[in-house]
Amino acid sequence: LWPARDLTNRPAQEAEPTVSVVTVQIEGLREEHLPVPVMPRTVYADDDWTYDAERDEVVRGSTTQPGMQYSVRTEILDLSAESLRRSPTQYPADLGQYLAVPQTSRTADVAATAAEITAGATNSYDQALALQSYLRNAQNFTYSTEVPAGGTDDEVWDFLGNKVGYCVQFGTAMTVLARTLGIPARLAVGFLPGTLGQDGDQVVTGRDSHAWPELYFPGSGWVRFEPTPRSEQTTVPGYTEAPAEVAPDPAASAAPSAAPSTGPLLPEDPSNPDRGADGALTEVPARAEVAAGHHVDRALGIVVAARQAVR
């Protein structure tokens, strides 16, 4: 699995990946996509599952069933700000679909906003970091599952104007903004780590459902970012905690309206679990880093498909 990175040809100076085997037992989930942790290498399952290399998913024609068990061997890369900042920008030819931007009456405005947010960033990593910082800032946006109705034919532009949303809006916005900058991006849907049960097992339910963007970095593959400013469970990945390196922009205004700024993150709101529209989605993340595995990309650019699931 996970063909975006050939770990057998790892650079000599790169640290060995962390290897982990995750065993999953399904209780109430009914899904044609198999929940997998981040960076899966091997899936051990009894049923007729196949790997869709184009969509980077493990799928089959029927749904998961109660009591089903399987294991996933993962290899977690030791990503760092330095390695991502040095990533080349020659992308594989088959990533064109992850650069497509919905054409609306506000497409140019969305692209201009991305350019303003990232003004002065000299590489894809610092552009991504600027987007994440801007969206996570509570001085810029409000986290709420009550999303105002849009007023245009562009849902990302409506969100950037209303500045209210939850993981679907934050993740979708960063995905589209990154694409306008020429960075391949996709939206992953799945789960936060859940809670530790009395028996030592990690229990993941529909209340843990979440969505987040992944951006492609040559040499590292798909890399998770976390623009949703909700709680301690949606903290940013360690490789995005470094300050951005930006070049001074003499043409920039003194106070650009879309510039990233510092400020407190939104407090946790237990009454508003960060979930999709009406239920759980499709992945079980590892404790160390939230996982990816099911990705959606439809006519609007990015659309999250919410699915019902219990425990």
*Asks:* Output the distance between atom OG1 (T195) and atom CD (Q202), rounded to the nearest 0.5 Å.
*Replies:*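 CD of Q202 is found 6.5 Å from OG1 of T195.
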*Asks:* So if you build clusters from Ile, Leu, Val, Met, Phe, Trp, Tyr with side-chain heavy-atom gaps below 4.5 Å, do V43 and V22 land together?
*Replies:*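 Both belong to a single hydrophobic cluster.
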*Asks:* Within the side chain of S133, is there an N or O that forms a donor-acceptor pair under 3.5 Å with the backbone of L129?
*Replies:*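 Yes; at least one donor-acceptor contact below 3.5 Å.
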*Asks:* Please test Q25 against T23 for side chain to side chain donor-acceptor pair (under 3.5 Å), starting from the C-alpha separation and ending with a verdict.
*Replies:* CA-CA 7 Å; Q25 177 166 318; T23 300; over 6 Å; no
*Asks:* Considering all heavy atoms of both residues, which atom of R179 and which atom of A100 are nearest to each other, and what is their separation?
*Replies:*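 Heavy atoms of R179 and A100 come nearest at NH1-O, 2.7 Å.
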*Asks:* Which atom names give the shortest non-hydrogen contact between C167 and T228, and what distance separates them?
*Replies:*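 Nearest pair, atom of C167 first, then T228: CA-OG1, 3.4 Å.
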*Asks:* Using every non-hydrogen atom in the two residues, find where M68 and L34 come nearest and quote the distance to one decimal.
*Replies:*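 Of all heavy-atom pairs spanning M68 and L34, the closest is CE-CD1, 3.6 Å.
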*Asks:* Looking at every heavy atom in both I117 and A130, which two are closest together, and how far apart are they?
*Replies:*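 For I117 versus A130, the nearest heavy atoms are CG2-O, 3.7 Å.
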*Asks:* Side chain of D158, backbone of T152: donor and acceptor closer than 3.5 Å?
*Replies:*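 Pair found, side chain donor or acceptor close to backbone of T152.
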*Asks:* If you look at every heavy atom in N162 and P148, which pair is closest and at what distance?
*Replies:*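 Closest approach of N162 to P148: ND2-CB, 3.9 Å.
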*Asks:* Answer with yes or no whether the hydrophobic clustering places Y44 together with V36; edges join I, L, V, M, F, W, Y residues whose side-chain heavy atoms lie under 4.5 Å apart.
*Replies:*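 Different hydrophobic clusters.
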*Asks:* Is the closest side-chain heavy-atom distance between V72 and T42 below 4.5 Å?
*Replies:*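 Side chain of V72 against side chain of T42, heavy atoms only: no contact under 4.5 Å found.
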*Asks:* Considering residues at least two apart in sequence or located in another chain, which fulfil the side chain to side chain donor-acceptor pair (under 3.5 Å) criterion with T18?
*Replies:*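 For T18, no residue satisfies side chain to side chain donor-acceptor pair (under 3.5 Å) once neighbours in sequence are set aside.
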*Asks:* Roughly how far apart are S83 OG and L77 CG, rounded to 0.5 Å?
*Replies:*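 Rounded to the nearest 0.5 Å, the OG-CG separation comes out at 9.0 Å.
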*Asks:* Do other residues, nucleotides or ligands put more than 12 heavy atoms under 6.0 Å from the CG atom of D46?
*Replies:*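 Check fails, neighbour count at 12 or below.
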*Asks:* When you measure from the side chain of D126 to the backbone of N123, do you find a donor-acceptor pair of N or O atoms at a distance under 3.5 Å?
*Replies:*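 Side chain of D126 to backbone of N123: no pair is present.
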*Asks:* Could you tell me the separation between the OH atom of Y134 and the CD atom of Q139, rounded to the nearest 0.5 Å?
*Replies:*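 Going from the OH atom of Y134 to the CD atom of Q139 covers 11.5 Å.
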*Asks:* Heavy atoms, side chains only, cut-off 4.5 Å: are E226 and F170 in contact?
*Replies:*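 No. Closest side-chain heavy atoms not under 4.5 Å.
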*Asks:* CG of D153 to OG1 of T107: how many Å apart, nearest 0.5 Å?
*Replies:*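 It is 7.5 Å, given to the nearest 0.5 Å.
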*Asks:* So, the side chain of Q103 versus the backbone of V101: is there a donor-acceptor pair under 3.5 Å, distance only?
*Replies:*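 At least one qualifying donor-acceptor pair exists.
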*Asks:* Closest heavy-atom contact between V223 and L84?
*Replies:*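 For V223 versus L84, the nearest heavy atoms are CG2-CD2, 4.0 Å.
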*Asks:* With rounding to the nearest 0.5 angstrom, report the CG to CZ distance, L29 to F191.
*Replies:*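 Rounded to the nearest 0.5 Å, the CG-CZ separation comes to 5.5 Å.
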*Asks:* Evaluate the side chain to side chain contact (heavy atoms under 4.5 Å, CB included) criterion for residues Y216 and Y91: first the C-alpha distance (whole Å), next the side-chain angles of each, then the deciding distance (0.1 Å), finally the verdict.
*Replies:* CA-CA 8 Å; Y216 188 87; Y91 300 111; 3.8 Å; yes
*Asks:* Assess the residue pair F217 and S124 against the criterion (side chain to side chain contact (heavy atoms under 4.5 Å, CB included)); give the C-alpha distance rounded to whole Å, side-chain angles, the decisive distance to 0.1 Å, and a yes or no.
*Replies:* CA-CA 8 Å; F217 288 82; S124 297; 4.1 Å; yes
*Asks:* With sequence neighbours left out, write down each residue that passes side chain to side chain donor-acceptor pair (under 3.5 Å) with T89, or none if nothing qualifies.
*Replies:*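 Counting only residues at least two positions away or on another chain, T89 forms no side chain to side chain donor-acceptor pair (under 3.5 Å).
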*Asks:* Tell me if the CD atom of E146 is crowded by more than 12 foreign heavy atoms within 6.0 Å.
*Replies:*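 Counting other residues, nucleotides and ligands, CD of E146 stays at 12 neighbours or fewer.
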*Asks:* If you round to the nearest 0.5 Å, how far is CZ of R60 from CD of E31?
*Replies:*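 CZ of R60 is found 11.0 Å from CD of E31.
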*Asks:* Return yes if some donor-acceptor pair links the side-chain N/O of R73 with the main-chain N/O of S71 below 3.5 Å, else return no.
*Replies:*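 No, the answer is negative, given that no donor and acceptor are paired below the 3.5 Å cut-off.
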*Asks:* Could you tell me if the side chain of W49 sits less than 4.5 Å from the side chain of Y70, heavy atoms only?
*Replies:*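 No - every pair of side-chain heavy atoms lies 4.5 Å or more apart.
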*Asks:* So, applying side chain to side chain contact (heavy atoms under 4.5 Å, CB included) with F159, which one of T172, V147, L135, V164 is it?
*Replies:*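 In the set T172, V147, L135, V164, the residue that makes a side chain to side chain contact (heavy atoms under 4.5 Å, CB included) with F159 is L135.
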*Asks:* Are any non-hydrogen side-chain atoms of P227 and F141 less than 4.5 angstrom apart?
*Replies:*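 They are not in side-chain contact.
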*Asks:* For R224, is there any backbone N or O sitting under 3.5 Å from a side-chain donor or acceptor partner on Y239?
*Replies:*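 Yes, the answer is positive, given that a donor and an acceptor are paired below the 3.5 Å cut-off.
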*Asks:* Taking the side chain as everything from C-beta on, heavy atoms only, tell me whether M174 gets closer than 4.5 Å to Q132.
*Replies:*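 Yes, at least one pair of side-chain atoms sits under 4.5 Å.
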*Asks:* Taking the side chain as every heavy atom from C-beta outward, state whether P213 and L215 have any atom pair closer than 4.5 Å.
*Replies:*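 Yes; the side chains approach each other to less than 4.5 Å.
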*Asks:* Please examine the side chains of W157 and T113, heavy atoms only from C-beta on, and report whether any two atoms are closer than 4.5 Å.
*Replies:*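 Answer yes - side chains close enough.
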*Asks:* Check whether any side-chain heavy atom of L177 lies under 4.5 Å from a side-chain heavy atom of V110, and answer yes or no.
*Replies:*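 L177 vs V110: side chains touch.
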